[in-house]
Amino acid sequence: MAILINENTRVLVQGITGKEGAFHTKQMLAYGTKVVAGVTPGKGGQRVEDVPVFNTVEAAVKETGANASVIFVPAPFACDAIYEAVDAGIKLIVCITEGIPTLDMMKVKRYLEGHPEVVVIGPNCPGLICPPFKCKMGIMPGHIHTPGPIGVISRSGTLTYEVDYQLTLAGLGQTTCIGIGGDQIPGTNFIDLLKLFNEDEETKGVVMVGEIGGTAEEEAAEWIKANFKKPVVAFIAGRTAPPGKRMGHAGAIISGGQGTAESKMAALRAAGIFVAEDLGTLGQTVKEVMGL
Amino acid sequence: MKVHEYQAKELFEQFGIPIPEGKLANSCEEVMAAIEELGLPVVIKAQIQAGGRGKAGGVKLAKTKEEAQEIAKNMLGKPLVTHQTGGQGKIVRKVLVEKAADIKKEYYVGMVIDRAQRKPVIMVSPAGGMEIEELAQEKPELIFKEPIDPFLGLLPFQARKLSFKAEMPVREAAKILTSLYKLFIAKDCSLAEINPLILTSEGNLLAIDAKLNFDDSALYRHPDVKEMLDPLELDPLEYEAMKYHLNYVRLDGNVGIMVNGAGLAMATMDVIKLAGAEPANFLDVGGGANVEMITQGFKILLSDPNVKLIFINIFGGILRCDVLAQGVIEAAKQVEINIPVLVRLEGTNVEKGRQMLNESGLNFIVAKDISEAAKKIVETLGTKE
């Protein structure tokens, strides 16, 4: 039916009493997400949207059976929040926070090597949404999504909404949409999620939204060619971006001749993947290319 | 964030990386005073934040006072064009005057974050002086790399191994590599380069050049680094945007864009180009934008004389469409808008946002989706010209 999420997903919000945390807790609940707990150190005992707040993730998990966490903690404290969630046994962690220093995230990734069962989505991402289970762990507008056969993986936030909405308007809909984030070192990459979509029966095809910087798309292209059983449509943002300039996302920079949109599009095409050029008609393109 | 060579060398000194004796000079008089202190010969180095200074005539040896005077006069206050500056070049406002060193051998030392490996990687090469990209193309076998475990740091054996491979004096070189690693981590660098690191005829190692870039996300914990920012190195509009935490990059086209989200902003630039027009900028107002940020962003777009049309493309998530609408309306009250503004809104609180724009009495062109927006951009620009 979907990846990462199922009917037993019980969501914890770290940083629930902050402005964004509180706003999006309301939105997540309204979408149908089972938000069972929140954590803000020192604010245990309060309630946000009637969700109980705890001082520690450990206590939240013990009291409510929370098994997935979405993090709205400011950048200087966000990695600590990730460590705390892992320590409390949470297996799915979605970090929305933008602006985490690269060296801090590098340590998180190193730490996660010792916890292969844990999936960290983000940081600097919109999170993930699973329309079939009415579960949203993130900040995307819920109403633009509808259950359907497409999986979406994207390095972007709002560009993902654009794609998701077009899939909805095209009458397709989504199994799970994941924004992996725009930082240099994401917790989860395209290939990690493609592996899951490969095994998900309901997902009939995947849309991959990449952008300039790094080589994640090139690596994914190779992996898809060798392993992926379903059709993929890719879109790459930043064809008009100049080299050496950071385009908003910490990871979106062409440096040393590496990370251009051309290189990514060429690698994807060489792997037999359809690369859409026109964002305005992407939904229709997916429908035609995948024959759905 | 980038810094000048002389600033990078200040940090090198703090971390025990040997640098030539030198003085910063803002004028010909200061250059001459530096020479009194350092003696001759000296190397005079233009302080601009771009690579390729040597080839472009921005690094010169002066053997006499007359030569130094002539070099300083021709360098200070003049633009220097390198392959990285663009055609107009960058004005040289400061020069670094350094005691000339006797170069016996040149090496390359660099450190970056390897995104695919998710680790810092330290690189050395006995073929110093060349740019690393060039070296990677022409003599990749002469670049030696060691990935560093973030939990362990650069281990002594790795520093030794690299020094042996690059045929550097091992004890001294290993110390420099370790110091560079410590600096990289302590100051949250994204790039550190010594190119060249030289061996002098006395047998000492010396960092002749220094380049450091810093992780913008980590500047909050490095006020000393943040202070090194030279606003004169930035485009004035980019600097203005930075003050309001707006992600803005100036480009050459005539369609100004304001978008929430970096990916959508890049894609919006691409859409404009595909439709046959040219984007004037990248502007991501971000997820947490408030009314003031939107207002300032809008003002920045309007102050670019090349901009003939503004395209606001918002897919509301964290940033709610009503906040965007309010910001645009506020901006319109503060500055006169005499170019067409095309708006496309979707997402959180979209109805409220659209209603606010409709009721504002301001004249916006509205597009319901990206395809329609692309058409309207070309139509509007076409009829105006």
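Side chains included, hydrogens not; waters and symmetry mates left out as well; all remaining heavy atoms used. Note on naming: letters A, B, ... go to the chains in the order of the sequence lines (proteins, then strands), and numbering restarts at 1 for each one.
Among the candidates B/Pro150, B/Ala218, B/Gly347, the residue making the largest number of heavy-atom pairs closer than 4.5 Å to chain A is B/Pro150. Looking only at heavy-atom pairs under 4.5 Å with chain A, the residue among B/Met269, B/Met266, B/Glu278 that has the most is B/Met266. Interface check for chain A: of the options B/Arg221, B/Glu133, B/Gln84, the most heavy-atom pairs under 4.5 Å are formed by B/Arg221. In terms of heavy-atom pairs under 4.5 angstrom with chain B, the leader among A/Glu277, A/Lys109, A/Gln258 is A/Lys109. Most heavy-atom pairs under 4.5 Å with chain B, from the set A/Gly210, A/Gly251, A/Pro243: that is A/Gly251. Between chain B and the residues A/Met105, A/Arg110, A/Arg239, the most heavy-atom pairs under 4.5 angstrom are made by A/Arg110. Ranked by heavy-atom pairs under 4.5 Å with chain B, the first of A/Gly280, A/Ser255, A/Gly238, A/Ala241 is A/Gly238. By number of non-hydrogen pairs under 4.5 angstrom with chain B, the leading residue of A/Glu219, A/Met106, A/Arg155, A/Gln27 is A/Met106.
Between B/Asn247 and B/Val249, every side-chain heavy-atom pair lies at or beyond the 4.5 Å cut-off. In this structure, the side chains of B/Ile113 and A/Leu103 come closer than 4.5 Å at one or more pairs of heavy atoms. At a threshold of 4.5 Å between non-hydrogen side-chain atoms, the residues B/Ile377 and B/Val271 do not count as touching.
If you measure heavy-atom distances from B/Arg344 to chain A, the contacts under 4.5 Å come from the side chain alone. Contacts of B/Tyr248 with chain A are absent, with no heavy-atom separation under 4.5 Å from either backbone or side chain. Contacts between A/Arg246 and chain B at a heavy-atom distance below 4.5 Å involve backbone atoms as well as side-chain atoms. For a residue to count as touching a neighbouring chain, one of its non-hydrogen atoms must lie under 4.5 Å from one of that chain's; by this rule B/Asp216 touches chain A with the side chain only. Contact of B/Ile272 with chain A is not made at all, since no heavy-atom distance falls under 4.5 Å. Residue contact with chain B, scored on non-hydrogen atoms closer than 4.5 Å, involves the side chain of A/Glu211 exclusively. Proximity to chain B (any heavy atom under 4.5 Å) is shown, for A/Pro126, by neither the backbone nor the side chain. Looking at A/Gln166, there are no atoms closer than 4.5 Å to chain B (heavy atoms on both sides), in backbone or side chain. Using a 4.5 Å cut-off between heavy atoms, A/Lys245 contacts chain B through its side chain alone, with no backbone atom that close. Only the side chain of A/Thr215 has a heavy atom closer than 4.5 Å to any heavy atom of chain B. Neither the backbone nor the side chain of B/Asp369 comes within contact range of chain A; no heavy atoms are under 4.5 Å apart. Contact of A/Met140 with chain B is not made at all, since no heavy-atom distance falls under 4.5 Å. Only the side chain of B/Glu238 has a heavy atom closer than 4.5 Å to any heavy atom of chain A. Interface residue A/Tyr111: backbone and side-chain heavy atoms are both found under 4.5 Å from chain B. Using a 4.5 Å cut-off between heavy atoms, A/Leu169 makes no contact with chain B at all.
By the neighbour-count criterion of 12 heavy atoms within 6.0 Å, atom CG of B/Asp252 is sparsely surrounded, having that number or fewer from other residues, nucleotides or ligands. The environment of B/Lys376 atom NZ is dense: over 12 non-hydrogen atoms of other residues, nucleotides or ligands sit within 6.0 angstrom. Surrounding NZ of B/Lys273 are at most 12 heavy atoms belonging to other residues, nucleotides or ligands under 6.0 Å away.
Below 30°, between 30° and 60°, or above 60°: for A/His24 and A/Phe72 the angle between ring planes is below 30°, a parallel geometry.
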Which pairs would a plain distance check flag for residues 181-191 of chain A, meaning a side-chain donor or acceptor within less than 3.5 Å of a matching protein atom at least two apart in sequence or in another chain?
unit_1   : atom_1 : unit_2   : atom_2 : d
A/Asp183 : OD1    : A/Asn124 : ND2    : 3.0
A/Thr188 : OG1    : A/Val120 : O      : 2.5

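The minimum heavy-atom distance between A/Pro74 and A/Thr97, with the atom names listed, is C-CG2, 3.8 Å. Of all the heavy atoms in A/His249 and B/Gly263, the pair that sits closest is CE1-N, 3.8 Å.
With respect to B/Val323, the side chain to side chain contact (heavy atoms under 4.5 Å, CB included) criterion is satisfied by exactly one of B/Val291, B/Asn260, B/Thr348, B/Asn349: B/Val291.
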Practice prompt. Report the C-alpha separation of B/Asp270 and A/Thr240 in whole Å, then their side-chain angles, then the decisive distance to 0.1 Å, and conclude whether the side-chain hydrogen bond (donor to acceptor under 3.5 Å, both in side chains) test is met.
Written response: CA-CA 6 Å; B/Asp270 297 348; A/Thr240 50; 2.7 Å; yes
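Between the side chain of B/Asn195 and the main chain of B/Met130, a donor-acceptor pair closer than 3.5 Å is present.
A search for side chain to side chain contact (heavy atoms under 4.5 Å, CB included) contacts involving A/His143 returns A/Pro141, not counting sequence neighbours.
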